[in-house]
Amino acid sequence: MQTAKILLKAENISKSFAIDNNHQFKVLDDINLNIYDKEIVAFLGKSGTGKSTFLRILAGLMSASSGSVTCNGAKVTTPSHAMSMVFQNFALMPWLSVFENVALGLESSSLGKPVIAQKVQNMIDLIGLSGCEKMHPKELSGGMKQRVGFARALAVEPDILLLDEPFSALDIYTAHKIKTDLIELWESQQIKTRSMILVTHNVEEAVMMSDRVLIWDSNPGRIADEFIIDIPRAERNKRSVLDLVEEISNHHHTQIANAEDRRHKQLNKAS
Amino acid sequence: MHFSLANKLRPKNHYHWLNDLIFWGLITVIAVLLVKGWHDMHGSFEINHNESLTVSLNPHLLPYYSLRTTMRLLLGLIFSLLFTFVFGVMAAKYKAAERIILPFVNFMESVPLVGFLTFTTVMFIALFPHSIMGLECAAIFGVFTGQAWNMMLIFYQTIRIVPVELNEAADMFHQNAWSKFWRIECPYSMPGLLWNTMVSQSAAWFAILATEAIPVKTNTVELPGVGAFMAEALNQANVSAVLYSVLALILNIILLDQLIFRPLVRWVHKFKYEDTASSNQNTSWFYSLIRHSHSSLYLSQGLKFFAHAWVYRLPKLCLQLRLNKIIKFSRSGSFLVSRLWYLLVICSCCYYGYLLWQFLPKADLIKMPILMSLTAFRVFAAMGLSILIFVPLGVWIGLNQKLVRFFQPIIQVLAALPANLFYPLVAILLISYHQSLSVWSIFLIMLGTQWYILFNVVAGVSTLPHNLIEASRMFHLRGTLWWRKFMIPAVFPYIVTGIISAAGGAWNAAIASELITWGKTTKAATGLGAFISDTTANNQLAEAALGCTVMCFMVALCIIFVWKPLYKMAETKYRIN
């Protein structure tokens, strides 16, 4: 595993936001991370730990206060063509049809119209949206909307797919179906994506999908622990991952309790 | 646990006696001024004796004139609020009332008031024959028409979109319709109502500038006020007086903004339903001054007591008086009542329509289409130009939070300045450089419409869902692709809202800007506005009535065939939720 090629490298990433003129709030503190070829990494943590912020810095949507991100050897400062993203609340353009939404990322490329149309149609068929091309996002269910989100992100054939809690706005059955479909497409290499990063606060989802689970801690946000999931994907089911899910959950809960404790102590000191 | 923490974190010296002193000082000064203004509004005035009333161009009198103008503005605001509450609630609760009120208000919102001045003045003078109050009322009515329709519409709309879960929660806790209104519907609609009131201020100022110098019969009567001062300065071609009046007006607008609207915006913040933490940037020195005074404690306690009595005691009293029986009775016959009501409305429309037709001179009818199309062309050209210039500007500002914070207060003040404030300045330029008014009046109309478009676009862009912006960047949308697939559709509803709220003002401006006087020189552009101004000045009532009717007809056409379809498109295809 560790000898595999590094696709994405984040070095000493810190990020602070200004609260007012003389107060800074540190969201991320000195984070280092490598994403290797052919792996899925899950960021697990409660909200406010900065994992979504970190994902945006990796994507080039946000700049870090210090540190650098390199993707395929090139520095990431603006959104990279090697990466694509699926958003929590879909982020589909409501005024565009399903087809146009999926085509969005390809239209800014130098490809000709027929090539784009072909690629979009292929992706729509692959993701299971056939027949919905002319519909608008408003007419779709949440699950179908997120399928459009996936199709749009995958249509540009990114090396790395960034998933920002893509399943948290869906019910568990719909989410389960999309997850299985995605993993299947990925394992059978029907999509060109090499690696994925999944932001989530669902332990089971993280364990079921990923090769590595990174546990985030807050105040300031950082990666506190790493769990390697060494159960082969084909053998993963509710029962086989149960122990691991339990272990991670317990670990995570103690850590959250500790963080709460620290916060109260800080508040008491402040007053 | 949490309470003790909050108490500890609260800074000491929270309240200060100095704040009380300033607060009560200001209140006393304002009260004295208002009483003085109120008293002077009741002076005697005999319209039949051909008594003329003119203002003097002495700049020392300007503060007093500002007070009189402000009085009219405040009274107009109070009446607008009354109208908003009564008719907004009626339209929202009773279908039969809604069917009449809504089209009427929609229509009135776009009808240019300046065309009607002669007729409203005659009506109000008949109401108060021996007092100046008749003329005051005409000006107050002008303020009312500038804002009431807009305010009522937003109140009606927000009452109807109160989130279902809030209503369900209220039902679970057995709130009756009265307490539900005061505890849910009213607070919920407050931010929107306040915002729309502020937006309508420019229309109110526009109206007051136009109504303070009113043609009555053959001579012009000037009410003591800034607007009349400006009109008189134009008549006498006095540049320094024009500049003084502009300055006084701007100061007046800023003062009202600081003492009334800023504190209210800050206060209304707590009624916002969406919890957006970042939007807590509205600050007001006056609000924090009141908050940090001892008096605020007692005042808020008194208010709470009053509110409790109003919301919970009053309905009990009504129950004891068996007033609910009347409501029940009226509801039981609602079918019959509503049919009768529709019949009444239709009959009176036919009757008055016939009377009006009898009154209109048919000879002038033939030249109306040309005048109509000229004026309409100017309005549309002004709107098109405003969109072309101010949408890109608004997008540029709206995408950058720092720019929004910097520009928003400036745009708000600029938008509050009525367009006719600039007419004198433009008139001076046009007449001294001998330019044609037919072209330049387009820019005069733009002066009113552009701010609506600008701040609606800024507001729209700055409230765009962040993930859509991120998606547009993630998928490398650039250049025309970015405008075509992302930004134009995204701001489309806001452009439409801007245009529609600017429409009333634009027609007003079109009417007012087609005839400009500077001393002895008069410049006119061919159009409906010039026709109306001409005929009213010459006391040709029948011709003026024809002009107004045609104008109403044109505005109605515009609503039905342009604004409504645009609005529908914005509401369905381009809505983001």
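Letters A, B, ... mirror the listed sequences (proteins, then strands); counts begin at 1.
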Is [X] in contact with chain B via its backbone, its side chain, both, or neither, using a 4.5 Å heavy-atom distance?
| X | answer |
| --- | --- |
| Glu100(A) | side chain |
| Leu92(A) | backbone |
| Leu96(A) | side chain |
| Arg152(A) | both |
| Ser109(A) | neither |

Exercise for the section: May I ask you to decide whether Arg194(A) forms a salt bridge with Glu39(A), counting only side-chain N to carboxylate O separations under 4.0 Å? Expected result: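 Here Arg194(A) does not pair with Glu39(A) in a salt bridge, since their nearest N and O are not under 4.0 Å apart.
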Problem - Residues Asp159(A) and Lys192(A) bridged, charged N to O under 4.0 Å - result: no
Would you say the side chain of [Y] lies within less than 4.5 Å of the side chain of [X], judging by non-hydrogen atoms?
| X | Y | value |
| --- | --- | --- |
| Ser386(B) | Leu454(B) | no |
| Lys15(A) | Arg56(A) | no |
| Ile197(A) | Ile35(A) | yes |

Considering heavy atoms only, which positions within [range] lie below 4.5 Å of chain A?
| range | result |
| --- | --- |
| residues 467-474 of chain B | Asn467(B), Leu468(B), Glu470(B), Ala471(B), Ser472(B), Arg473(B), Met474(B) |
| residues 486-499 of chain B | Phe486(B), Pro489(B), Ala490(B) |
| residues 560-574 of chain B | Thr572(B), Lys573(B), Tyr574(B) |

Practice task
Keeping to residues at least two apart or across chains, list the salt bridge (charged side-chain N to carboxylate O under 4.0 Å, His left out) pairs with something in residues 67-84 of chain A.
Solution key: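 For residues 67-84 of chain A, and leaving out neighbouring residues, there are no salt bridge (charged side-chain N to carboxylate O under 4.0 Å, His left out) pairs at all.
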Are the side chain of [X] and the backbone N or O of [Y] linked by a donor-acceptor pair below 3.5 Å?
| X | Y | answer |
| --- | --- | --- |
| Asp164(A) | Leu55(A) | no |
| Ser293(B) | Asn19(B) | no |
| Ser108(A) | Phe475(B) | yes |
| Glu205(A) | Asn202(A) | no |

Exercise for the section: Please find out if less than 6.0 Å separates the ring center of Phe455(B) from that of Trp195(B). Expected result: yes
Problem - Test item: side-chain donor near acceptor, Glu165(A) and Thr200(A), under 3.5 Å - result: no
Exercise for the section: Check whether the side chains of Ser65(A) and Ser14(A) place a donor and an acceptor atom closer than 3.5 Å, and report yes or no. Expected result: no
Practice task
Run through Leu140(A), Ile127(A), Leu182(A) and flag the one making a side-chain contact (heavy atoms from CB on, under 4.5 Å) with Arg147(A).
Solution key: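 It is Ile127(A); the other options fail the test.
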Practice task
Give the ring-plane orientation class for Phe54(A) versus Trp216(A), where under 30° counts as parallel, over 60° as perpendicular and anything between as tilted.
Solution key: tilted
